[in-house]
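Worth saying up front: this structure is predicted, and the values here are computed from it rather than measured. We use all heavy atoms of the structure for the numbers below, so side chains are in, but hydrogens, waters and symmetry mates are not. So that the names make sense, note that chain A is the first sequence line, chain B the second, and so on, each numbered from 1.
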Number of protein chains: 2
Amino acid sequence: MTTQTLADRAHAAQASAVCHECLVRDTSLCSSLHDHELVALSAIGRRRTVPAGQVITWAGDVVTTFANVVSGALKVTASTPDGREQIVGLLFPGDFVGQMFTDEASLTVTALTETKMCSFPRAAFERELGSHARMERMLLERTMASLDEARERMLSLGRRNAQERVAGFIGQLAERAGLPRDDGGIHVSIPMSRGEMADLLGLTIETVSRQLTGLKAAGLITFAKGERDCLVLDSRGLDLVANPA
Amino acid sequence: MTTQTLADRAHAAQASAVCHECLVRDTSLCSSLHDHELVALSAIGRRRTVPAGQVITWAGDVVTTFANVVSGALKVTASTPDGREQIVGLLFPGDFVGQMFTDEASLTVTALTETKMCSFPRAAFERELGSHARMERMLLERTMASLDEARERMLSLGRRNAQERVAGFIGQLAERAGLPRDDGGIHVSIPMSRGEMADLLGLTIETVSRQLTGLKAAGLITFAKGERDCLVLDSRGLDLVANPA
DNA sequence: CGGAATTTTGACGATGCTCAACAACGGTGG
DNA sequence: CCACCGTTGTTGAGCATCGTCAAAATTCCG
């Protein structure tokens, strides 16, 4: 044991106070730890706020940190040598950020909206993970969930047409958004541009736009004008478009 | 400790003997265990041989077992409600089979070739995993590798054309196959039908066939006639087709 | 209000899918 | 050993979907 300076103690106390009121205390990897275990982890974690559009990690960078998303949303993108881009994952509050067993990142991570995250130096995090089996188990669980999600998306990219992809995407956002409003509509906030939707769905901006107006013409959705958000009028109908029997 | 019957002891001895000469003793999850730790795992594992084409697990089944691939190859497929199919993963010797934190499987696993595997009852395997941190760490590593692989494939499905997908696939197989032969060609065995290649690449049988004959016409590959295998003549050129600058 | 950025809409064309015929292969049985 | 037949793979013609290019419309933001 090394001696702990007053500054260290103060830092730890402050950090664990931050953790205690953290928005993702019960959903991130941290939820696998008891309050008293959290002290060590919080001592190595540092809160960061990143503005929309900013890159967190570039493909090709040496992996030096991992993180948990606290609020906001990130995109994970892969690209071809000649610059075509595909979004291969979205990260929301509670999700883990980083390629753990890779020295050089193969993916780029970018903030879609302003995002708060809790980031950890690589070596220190790996040490903590090694000494908290429940946390490691939870990371395994989350990684397998990401894998299932990636596979579901591979099915869409390989076998669904533009209409099904767009309808399915809006439908997923609607599920995440929760319960219907008074008038039966579900208000869905779309945390990305048309270009990013296109990169996610493996389409072009124009095709996404056309499909959205198609869904609107079919009476399944509308747009709160002047905003990026949309209102799902008929979520059952939307699901039928996304998943034809 | 419960008393161990003679039969139990005999089984364990036999099983660990099987493990000792196992083809994937040094590449599967088992490689994280010392010989003496392997006894408990081998006691719950059972060798199975599955003929080509046979389904291991159906989507919708309750998950009751996991497994390691010992030899052969498996495909993992997802499908739409109306029956379109996409291969979302391939499993080779040493790979782990199963959706660990899911009660009901969302994916179907099928043998591409005759396949030997070592399968474990769910509960028993989870118990063993929990008591061997190195094995759990290794499973995490493999799962993250699968995730990276899935993401690479999402890039192809979303953003690469038919020619690039087929050339890339043959190129990958060639890498896996190893070093060039005397005449400079690399003999590549393709462990699947055209239909399965199509399901993997998100194309149709006809498009795959056309692209292959295109690569042959370009002098990049040839076919040992009467066989499914192919000979890569110009792996550099193949890579150039798959990854245009 | 004005200019840049984003989104929508339109016209056109290319890529890859559908449908169909044909060829090659493999196993079976005479 | 070869004829037969089912399966798998190849090739061709036509077409639908989605991408490309271009312009108009809308939104954003100073």
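- When the C1' atom of dT11(D) is taken as reference, atom CD1 of I205(B) falls 14 Å away, rounded to whole Å.
- A close approach under 4.0 Å does not occur between any side-chain nitrogen or oxygen of T207(B) and OP1 or OP2 of dG16(C).
- Using modelled atom types, one side-chain atom of S193(B) and one backbone atom of E196(B) make a donor-acceptor pair closer than 3.5 Å.
- For the pair E114(B) (side chain) and V50(B) (backbone), a donor-acceptor distance under 3.5 Å is absent.
- Relative to the side chain of R228(B), the nucleotides dT6(C), dC17(C), dG9(D) differ in distance, and dG9(D) lies closest.
- For S193(B) and dT8(D), the shortest distance from a side-chain N or O to OP1 or OP2 is not below 4.0 Å.
- Not one side-chain nitrogen or oxygen of R210(A) sits closer than 4.0 Å to the OP1 or OP2 atom of dT7(C).
- Here the P atom of nucleotide dC18(D) and the CG atom of L201(A) are 12 Å apart, to the nearest Å.
- Picking from dT8(C), dC18(D), dT18(C) the nucleotide with the shortest atom distance to the side chain of E206(B) gives dT18(C).
- The CG atom of L29(B) sits 5.5 Å away from the CZ atom of F125(B) when rounded to the nearest 0.5 Å.
- Put simply, CG on L212(A) is 14 Å from P on dC18(D), counting in whole angstrom units.
- Between T213(A) and dT9(C) there is a side-chain N or O to OP1 or OP2 distance below 4.0 Å.
- Applying a 4.0 Å cut-off to non-hydrogen atoms, the residues of residues 158-170 of chain B that approach DNA chain C are N161(B), A162(B), listed by residue number.
- Ranking dC17(C), dT8(D), dT9(C) by closeness to the S209(A) side chain, first place goes to dT9(C).
- S189(B) contributes no side-chain N or O that, together with a main-chain N or O of D229(B), makes up a donor-acceptor pair within less than 3.5 Å.
- R159(B) places a side-chain N or O within donor-acceptor distance of the main-chain N or O of L203(A), the cut-off being under 3.5 Å.
- Heavy-atom minimum distance, G45(A) versus C118(A): CA-SG, 4.4 Å.
- Atom CE in M197(A) sits about 13 Å away from atom P in dG19(D), given to the nearest Å.
- Taking atom CG of residue L157(A) and atom P of nucleotide dG19(D), one finds them 12 Å apart after rounding to whole Å.
- Here G214(A) lies out of heavy-atom contact (under 4.0 Å) with every strand.
- Whole-Å rounding puts the L203(B) CG to dT15(C) C1' distance at 11 Å.
- Between the C1' atom of dT6(C) and the CD atom of E196(A) lies a distance of 12 Å, rounded to the nearest Å.
- OP1 or OP2 of dT10(D) sits under 4.0 Å from a side-chain N or O of R194(B).
- Remark: R176(A) engages F92(A) in a side chain to side chain contact (heavy atoms under 4.5 Å, CB included) (not counting sequence neighbours).
- Put simply, CZ on F223(A) is 15 Å from C1' on dA25(D), counting in whole angstrom units.
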